[in-house]
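Just so we're on the same page: letters track the sequence lines, and every chain starts at 1.
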2 protein chains.
Amino acid sequence: MRPDVPLGAPHERSDAARNRERLLNAARDLVAEFGAEALTMDALACKAKVGKGTVFRRFGSRAGLMMTLLSDSESEFQAGFMFGPPPLGPGAAPKDRLVAFGEGRIYFVLENGELLKAAGAATRNRFDVPATKLSHRHMEVLLREAGIADPWVMAMSLTYALDPERIVDDVRVRGISPTRLADSWRELITRLLGSV
Amino acid sequence: MRPDVPLGAPHERSDAARNRERLLNAARDLVAEFGAEALTMDALACKAKVGKGTVFRRFGSRAGLMMTLLSDSESEFQAGFMFGPPPLGPGAAPKDRLVAFGEGRIYFVLENGELLKAAGAATRNRFDVPATKLSHRHMEVLLREAGIADPWVMAMSLTYALDPERIVDDVRVRGISPTRLADSWRELITRLLGSV
DNA sequence: ATAGAAAACGGACCATAGTCCGTTTAGTAT
DNA sequence: ATACTAAACGGACTATGGTCCGTTTTCTAT
């Protein structure tokens with residue numbers, strides 16, 4: 001339990017643990033029933049039988065809550081590109097890994113789109129989402145290997161090209177198929193990193 | 001006056017005109033003095049000596065107000081890439097026009113960043129900002145000329161790569177110089193559209 | 001078991017975008 | 001000039017994210 005408490009952190013008080021549990025359960029229920037967009041912090045506090053202050057002390061903000069809710073699937077995706085089999089994981093050429101990364105990201109976003117949009121909204125500095133930082137770093141490394149002159153900035157461009165809001169809206173609002181997005185991503189990376 | 005009223009629209013009433021004038025002046029003053037981010041609709045209504053309902057009937061939303069405030073500079077930039085001299089305007093190769101477009105956009109965003117961020121926030125579907133649609137279309141045409149397989153989707157990727165929030169945060173929060181952004185954009189377009 | 005300190009609690013409170021609707025006002029037809 | 005109508009007005013009201021701070025609870029040292 002308490003996966004991300006810094007070592008030697010003071011014991012979490014039992015009431016705090018109980019409320020965290022209540023809050024997570026309530027939040028998952030609400031998201032399952034009404035969708036992430038419709039979740040309000042008041043409703044959550046109420047459903048979890050907890051004061052509103054407690055909700056905010058626990059998660060900091062609505063975005064923080066959404067990130068917490070995401071963390072399981074996110075970790076899984078991260079494990080995929082960091083330790084999984086090629087071409088997503090290590091062992092393939094940077095170009096192929098980037099193609100796979102983008103594709104994976106597109107489908108990941110389409111599965112967790114509401115949560116991701118909700119996590120990214122409201123929070124100024126979408127980039128400060130830890131998962132985003134990790135993705136950025138991953139792309140940066142691959143781009144450097146592939147000989148891009150300024151991999152940090154290029155990774156940022158690609159990060160925004162894979163913005164959850166963009167992907168979700170392309171598919172759900174503008175009617176672009178995920179396949180078409182993935183194909184275009186492949187074209188982008190292929191042309192960017194040396195021909196064919 | 002009244003630049004964008006559909007032909008044959010019923011006369012704008014004199015009180016409406018007067019209030020629009022008041023609101024625009026007040027808004028410009030507030031932005032000049034405190035910045036776009038700090039502008040609240042209440043403060044605007046108050047300063048313009050107008051009811052809050054009037055503000056919203058006029059502009060629809062905070063984002064709508066920001067777009068109105070932007071429209072002059074935006075039109076100028078648009079004129080640049082649609083009718084201006086090459087390489088930004090017609091007459092140069094698509095690749096060069098795209099490079100120039102991105103550079104122009106970067107500097108445009110840095111000048112009008114607050115307004116753009118404010119216009120893009122709050123409004124779900126940042127893409128529905130008319131100016132964004134036009135930019136997207138412009139890039140789409142150039143990408144098609146340059147032989148990109150799916151210019152519509154690729155233009156969307158590039159649109160997000162030039163996201164105002166991204167550019168402003170890169171420069172002001174993450175300390176990337178505009179030059180470095182522009183160079184990376186050039187690298188991106190150059191590699192994307194056939195070598196050197 | 002008890003006292004004291006640190007942490008957690010909860011809900012009233014604030015700020016702000018956006019809505020609603022009864023009232024006022026500007027044009028128009030007579 | 002008058003009456004009429006449609007448009008515009010304004011501000012009280014709602015929804016919601018987020019803050020504050022006096023009160024309660026848990027843990028620990030004795």
Side-chain angles (χ1 to χ4, degrees), chain A residues 2 5-6 8-24 26-27 30-31 34-69 117-126, chain B residues 2 5-6 8-24 26-27 30-31 34-69 117-126:
Chain A
R2 292 197 301 133
V5 174
H11 252 34
E12 181 185 44
R13 270 170 47 165
S14 56
D15 51 349
R18 185 198 62 218
N19 284 338
R20 186 160 45 78
E21 220 41 47
R22 276 194 197 164
L23 279 167
L24 285 175
L30 287 174
V31 168
F34 305 107
E37 301 217 9
L39 184 150
T40 72
M41 302 304 261
D42 286 304
L44 174 57
C46 177
K47 172 140 191 168
K49 299 269 179 55
V50 141
K52 201 178 177 183
T54 302
V55 182
F56 279 88
R57 188 160 356 80
R58 191 73 53 200
F59 302 109
S61 68
R62 190 167 183 277
L65 167 68
M66 297 300 175
M67 279 185 242
T68 304
L69 255 29
K117 272 177 77 166
T123 187
R124 268 326 89 208
N125 269 351
R126 269 177 293 177
Chain B
R2 293 198 302 132
V5 173
H11 252 27
E12 180 186 45
R13 268 171 50 165
S14 56
D15 51 350
R18 186 199 60 216
N19 284 339
R20 186 159 46 80
E21 221 39 48
R22 276 193 197 166
L23 280 166
L24 286 174
L30 287 174
V31 168
F34 305 107
E37 301 217 7
L39 184 149
T40 72
M41 301 306 261
D42 286 303
L44 174 58
C46 177
K47 171 140 191 167
K49 299 270 179 58
V50 141
K52 200 176 177 181
T54 302
V55 181
F56 278 88
R57 188 160 356 81
R58 190 75 51 199
F59 301 110
S61 68
R62 190 167 182 279
L65 167 68
M66 296 301 174
M67 280 187 244
T68 304
L69 255 29
K117 273 178 77 168
T123 185
R124 266 328 90 206
N125 270 351
R126 269 176 292 176

*Residue list, salt bridge (Lys or Arg N to Asp or Glu O under 4.0 Å) with Arg13(B), at least two apart or on another chain*: Asp15(B)
Roughly, in whole Å, what's the span from [atom1] in [X] to [atom2] in [N]?
| X | N | atom1 | atom2 | value |
| --- | --- | --- | --- | --- |
| Arg58(A) | dG10(C) | CZ | P | 10 Å |
| Leu65(A) | dT16(D) | CG | P | 15 Å |
| Glu37(B) | dA15(C) | CD | P | 18 Å |
| Arg22(B) | dC9(D) | CZ | P | 10 Å |

Within this structure, what is the [atom1]-[atom2] distance for the pair [X] and [Y], rounded to the nearest 0.5 Å?
| X | Y | atom1 | atom2 | answer |
| --- | --- | --- | --- | --- |
| Leu44(B) | Arg58(B) | CG | CZ | 11.5 Å |
| Glu37(B) | Met66(B) | CD | CE | 9.0 Å |
| Leu39(B) | Arg62(B) | CG | CZ | 6.0 Å |

*With sequence neighbours left out, write down each residue that passes side chain to side chain contact (heavy atoms under 4.5 Å, CB included) with Phe59(A), or none if nothing qualifies.*
Leu23(A), Leu24(A), Val55(A), Leu65(A), Thr68(A)
*Residues in side chain to side chain contact (heavy atoms under 4.5 Å, CB included) with Ser14(A), at least two apart?*
none
*What pairs of residues pass the side-chain hydrogen bond (donor to acceptor under 3.5 Å, both in side chains) test when at least one of them lies in residues 38-55 of chain B, not counting sequence neighbours?*
Asp42(B)-Lys52(B)
_For dC9(D) and Asn19(B) - does any side-chain N or O of the residue sit under 4.0 Å from the phosphate oxygens OP1/OP2?_
yes
*Under 4.0 Å between a side-chain N or O of Thr54(A) and OP1 or OP2 of dA8(C)?*
no
*Summarise how protein sits on nucleotides 19-26 of chain D as a single string, 5' to 3': B when a protein heavy atom is under 4.0 Å from the base, S for sugar-phosphate-only contact, - for no contact.*
B-----BB
*Mind running a 4.0 Å heavy-atom check of residues 39-50 of chain B against DNA chain C and sending the residues that fall below it, in number order?*
Leu39(B), Thr40(B), Met41(B)
*What are the two closest heavy atoms between Ala48(A) and Ala26(A), and how far apart are they?*
CB-CB, 3.9 Å
